[in-house]
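Both backbone and side-chain heavy atoms feed into the values below; hydrogens, waters and symmetry mates do not.
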Amino acid sequence: MKLLILGAGGHGKVVSEIALLMKKWDDIYFLDDNKVGQEINGIKVIGTLDKIKELRKEFTHAFVSIGDNMKRVEWFKYLEEMNYEIPVLIHPSSIISNNVKINKGTVIMPGSIINTNTVIGKACIINTNASIDHDCQIGDGVHISPGVTIGGSVNIGDNTWVCIGATIINNINIGKNCIIAAGSTVIRDVPDNVMIAGVPGEIKKIIKLNETR
Ligand SMILES: CC(=O)SCCNC(=O)CCNC(=O)[C@H](O)C(C)(C)COP(=O)(O)OP(=O)(O)OC[C@H]1O[C@@H](n2cnc3c(N)ncnc32)[C@H](O)[C@@H]1OP(=O)(O)O
């Protein structure tokens with residue numbers, strides 16, 4: 001089986017290492033618009049992202065490793081349209097309850113902990129050392145950044161970015177397309193399309209559609 005990884009930046013490097021550790025694929029290659037011909041940690045960049053369609057005959061599996069939530073979801077949907085098999089990539093050092101559901105296109109980075117009865121959506125990034133406790137619902141295209149701590153029974157809407165080191169107390173609902181700034185502590189529900197910052201977290205601005213990163 002052969003795996004294509006879309007995006008050979010810093011995030012792509014970490015994603016490719018996880019894919020290698022999983023030992024499921026005989027061959028792994030990158031696509032990247034700016035690095036064609038380069039070799040990154042032993043993995044060749046064989047074309048630009050738009051080559052994904054013609055490579056369908058040759059490759060069974062593909063995975064999007066783009067940090068920007070909107071772009072990642074866009075390419076993820078394109079892979080789905082082309083009937084690529086899209087895996088879940090899980091670093092062996094993560095600790096995940098057997099009663100957790102993780103949907104395709106999501107990567108779980110080293111040291112993450114996901115507790116029982118939590119559901120993680122499609123095309124999410126659960127980044128290094130993030131902790132998501134029991135009974136959480138994480139939407140599609142969400143990025144939980146390094147060192148984030150999320151209490152039990154928290155719901156997070158599609159495309160929301162929880163930035164590095166943020167804390168969300170238990171029983172909180174966070175909307176779609178939000179940014180929770182680095183180091184914030186969220187203690188109240190958050191509506192759709194807002195940026196929250198501070199301790200305790202307060203609304204700092206409204207986010208226009210397609211603005212999340
Ligand atoms: C492996 C990896 O590296 S994964 C990547 C992880 N990276 C991150 O998590 C990045 C985190 N980045 C941040 O937290 C940034 O501050 C962002 C993304 C929230 C900034 O978003 P922007 O929309 O550009 O916000 P902007 O800079 O315009 O700030 C708006 C207001 O919020 C405040 N603000 C922004 N971030 C924070 C913060 N973390 N804490 C407190 N206040 C903040 C600003 O001071 C500003 O306040 P003011 O209006 O009173 O002057």
Side-chain angles (χ1 to χ4, degrees), residues 1-32 35 38-47 49 51-53 55-69 71-133 136 138-148 150 162 164:
M1 287 195 303
K2 292 166 89 170
L3 173 69
L4 271 175
I5 298 177
L6 282 68
H11 179 56
K13 282 195 242 179
V14 187
V15 164
S16 68
E17 287 192 4
I18 296 172
L20 284 167
L21 283 169
M22 288 173 72
K23 295 187 167 59
K24 265 188 156 183
W25 295 278
D26 307 309
D27 286 311
I28 299 177
Y29 294 96
F30 282 121
L31 296 181
D32 191 291
K35 295 183 179 161
Q38 292 182 31
E39 192 168 300
I40 292 154
N41 292 346
I43 299 181
K44 286 187 182 130
V45 183
I46 57 168
L49 295 185
K51 291 279 178 290
I52 188 74
K53 197 168 182 183
L55 288 168
R56 179 65 188 91
K57 286 174 233 123
E58 206 184 320
F59 286 80
T60 47
H61 290 68
F63 192 92
V64 188
S65 60
I66 296 173
D68 180 294
N69 287 348
K71 287 189 190 146
R72 187 173 63 260
V73 168
E74 214 173 285
W75 282 101
F76 169 87
K77 286 184 177 161
Y78 192 40
L79 295 185
E80 276 189 317
E81 275 172 31
M82 287 182 287
N83 286 319
Y84 272 98
E85 286 188 45
I86 307 170
V88 173
L89 299 180
I90 299 179
H91 193 276
S93 69
S94 58
I95 302 173
I96 302 173
S97 154
N98 288 336
N99 295 312
V100 161
K101 169 145 179 64
I102 302 171
N103 284 288
K104 61 185 180 178
T106 287
V107 59
I108 313 293
M109 295 291 191
S112 296
I113 301 177
I114 308 178
N115 222 329
T116 190
N117 291 91
T118 282
V119 178
I120 313 275
K122 298 174 185 173
C124 292
I125 303 170
I126 310 302
N127 225 318
T128 315
N129 212 27
S131 167
I132 306 176
D133 226 293
C136 293
I138 310 294
D140 296 336
V142 169
H143 180 180
I144 307 295
S145 296
V148 166
I150 299 178
V162 184
I164 198 159

Q.
So, taking the atom named CD1 in Ile90 and the one named CD1 in Ile102, what distance separates them when rounded to the nearest 0.5 Å?
A. 4.0 Å

Q) Heavy atoms, side chains only, cut-off 4.5 Å: are Leu55 and Tyr84 in contact? A) yes

Q: Measure the CD1-CD1 distance between Ile66 and Ile125 for me, rounded to the nearest 0.5 Å.
A: 9.5 Å

Q: Verify side chain to side chain donor-acceptor pair (under 3.5 Å) between Asp133 and Asn115, making sure each step is shown before the conclusion.
A: CA-CA 5 Å; Asp133 226 293; Asn115 222 329; 3.2 Å; yes

Q | Nearest-0.5 Å distance, CD1 of residue Ile113 to CD1 of residue Ile150 | A | 12.5 Å

Q: Taking atom NZ of Lys104 as the centre, report whether more than 12 heavy atoms of other residues, nucleotides or ligands fall under 6.0 Å from it.
A: yes

Q: Please round to the nearest 0.5 Å and tell me the distance separating atom CD of Glu85 and atom NE2 of His61.
A: 4.0 Å

Q. Where do Asn41 and Glu17 come nearest, in terms of heavy atoms and distance?
A. ND2-OE2, 3.7 Å

Q | For His143, the option from Asn69, Val162, Asp68 that meets side-chain contact (heavy atoms from CB on, under 4.5 Å) | A | Asn69

Q) Of all heavy-atom pairs between Ala8 and Asp32, which one has the smallest distance, and what is that distance? A) N-OD2, 2.7 Å

Q: Kindly compute the distance separating CG (Leu4) from CZ (Phe59), expressed to the nearest 0.5 Å.
A: 4.0 Å

Q: Check Lys2 against Tyr29 and note the closest heavy-atom contact, atom names and distance.
A: CE-CE1, 4.3 Å

Q: Considering non-hydrogen atoms only, spot the tightest contact between Val88 and Met22 and give its length.
A: O-CE, 3.5 Å

(Q) Within the supplied structure, the quantity of interest is the number of heavy atoms (other residues, nucleotides, ligands) at a distance under 6.0 Å from Lys13 NZ; does it exceed 12? (A) no

Q | Nearest heavy atoms of Gly12 and Ser65, plus distance in Å | A | CA-OG, 3.3 Å

Q) Tyr78 and Lys53: which non-hydrogen atoms are nearest, and at how many Å? A) OH-CD, 3.6 Å

